[in-house]
Each structure stands twice: as C-alpha cells, then as structure tokens.
Amino acid sequence: ISNNTTGLPTKINNVTPWTYEVSFQLQFLKTDNASDDISVWIRKNGSAYPLTNKNIIILGNNVKNLITGNYFIDLGSNDYIELFFKRFCK
C-alpha cells in the first residue's frame, strides 16, 4: 500500500502480473432523513476501471446501508488500484 498525491495510503500496489479477485464491503450510516445517492468504483492506475461502478440510494436516519462488490481485474507489474466513492446529496 502506498500514498496518493495528498499523502493518504489509498493505493494497493501490485508486483506480479495476474488476474486478481477484488472484493469490498462498505457500510454507510445516514445521519439525517434525506436520501442520498452513492457511487462506488475501482480505479486502476488513476483511471476508472470499466464496469465497476455501483450506485445505491441510501435512505433513513441512523440506518446502516451496505454496498458490496466483487470483480476480477487484470493487473500488470507496478499497477495499482484504489476504491473511490462519491456521495450526491438530494
């Protein structure tokens, strides 16, 4: 794991070329009654990896919302991946 351009350890680095299974599970907790849209995706070497974007609408106050993903990603030596998310308030 290495740091991104802002100094945060977000990059998962690869040494051996292979097709890897990448799984994640994220939990979001709402703290208000409004609904929000959440997008989650994987980036490889700084660009969005095709077909990894997941969208979900999270609802309810103090409700835990779970997003999961499972992908097979081809990585070469010195490639890296990162998991990104963005919240869109309604």
Side-chain angles (χ1 to χ4, degrees):
I1 296 185
S2 63
N3 293 344
N4 63 17
T5 56
T6 61
L8 298 173
T10 63
K11 293 181 178 182
I12 301 170
N13 302 298
N14 185 58
V15 177
T16 306
W18 197 257
T19 300
Y20 292 90
E21 183 176 7
V22 177
S23 298
F24 63 85
Q25 201 171 45
L26 302 172
Q27 182 176 304
F28 293 89
L29 175 64
K30 287 284 294 159
T31 58
D32 61 33
N33 287 323
S35 64
D36 294 337
D37 293 335
I38 299 283
S39 289
V40 178
W41 67 98
I42 295 173
R43 288 176 56 122
K44 176 183 168 186
N45 300 329
S47 297
Y49 196 79
L51 305 175
T52 62
N53 188 52
K54 296 193 118 199
N55 296 302
I56 188 172
I57 298 172
I58 57 176
L59 305 166
N61 189 19
N62 292 318
V63 174
K64 296 176 183 172
N65 297 267
L66 188 67
I67 299 175
T68 62
N70 190 51
Y71 302 99
F72 290 92
I73 297 180
D74 294 322
L75 295 176
S77 57
N78 300 316
D79 283 345
Y80 68 90
I81 59 171
E82 298 173 282
L83 186 62
F84 273 68
F85 74 91
K86 182 169 177 100
R87 180 181 71 128
F88 302 93
C89 300
K90 290 186 174 184

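For N61, the CG atom sits in a packed shell: over 12 heavy atoms of surrounding residues, nucleotides or ligands are nearer than 6.0 Å. At most 12 non-hydrogen atoms from other residues, nucleotides or ligands lie less than 6.0 angstrom from CG of L51.
Atom-to-atom distance recorded for I38:CD1 and K86:NZ is 10.5 Å, nearest 0.5 angstrom. Going from atom CD1 of I57 over to atom CG of D36 covers 10.0 Å, rounded to the nearest 0.5 Å. Between the CG atom of N65 and the CD atom of Q27 there is a distance of 8.5 Å, given to the nearest 0.5 Å. Taking OG1 of T16 as the start and CG of D79 as the end, the distance is 11.5 Å to the nearest 0.5 Å. The CG atom of N13 sits 8.0 Å away from atom CD1 of I1, with the distance rounded to the nearest 0.5 Å.
Checked by atom type and distance alone, the side chain of N14 pairs as donor or acceptor with a backbone atom of G76 at under 3.5 Å. A distance-only check finds no donor-acceptor pair linking the side chain of Y49 to the backbone of I73 [under 3.5 Å]. Proximity of a side-chain donor or acceptor of K44 to a complementary backbone N or O of D74 within less than 3.5 Å is detected.
Residue L59 comes nearest to K30 through the heavy atom pair O-CG, 4.1 Å, listed as atom of the first residue, atom of the second, then distance. Nearest heavy-atom pair across K54 and T68 is NZ-O, 2.9 Å. Between S77 and P17, the closest heavy-atom pair is N-CG, 3.7 Å. The two residues V22 and I42 make their nearest non-hydrogen contact at CG1-CD1, 3.9 Å. When every heavy atom of T52 is checked against every heavy atom of Y71, the shortest pair comes out as O-OH, 3.1 Å. Across all their heavy atoms, L66 and Q25 have their closest contact at CD1-CG, 3.6 Å.
In this structure, L29 is not a member of the same hydrophobic cluster as I67, with clusters built from ILVMFWY side-chain heavy atoms closer than 4.5 Å. A continuous path of ILVMFWY side-chain contacts below 4.5 Å connects I12 to F85, so both sit in one hydrophobic cluster. V63 and I56 are assigned to two separate hydrophobic clusters, defined by single-linkage of ILVMFWY side chains at heavy-atom distances under 4.5 Å. At a threshold of 4.5 Å between side-chain heavy atoms, the hydrophobic network of Ile, Leu, Val, Met, Phe, Trp and Tyr places W41 and L75 in two separate groups. Residues V40 and Y80 do not share a hydrophobic cluster, clusters being chains of Ile/Leu/Val/Met/Phe/Trp/Tyr side chains in contact below 4.5 Å.
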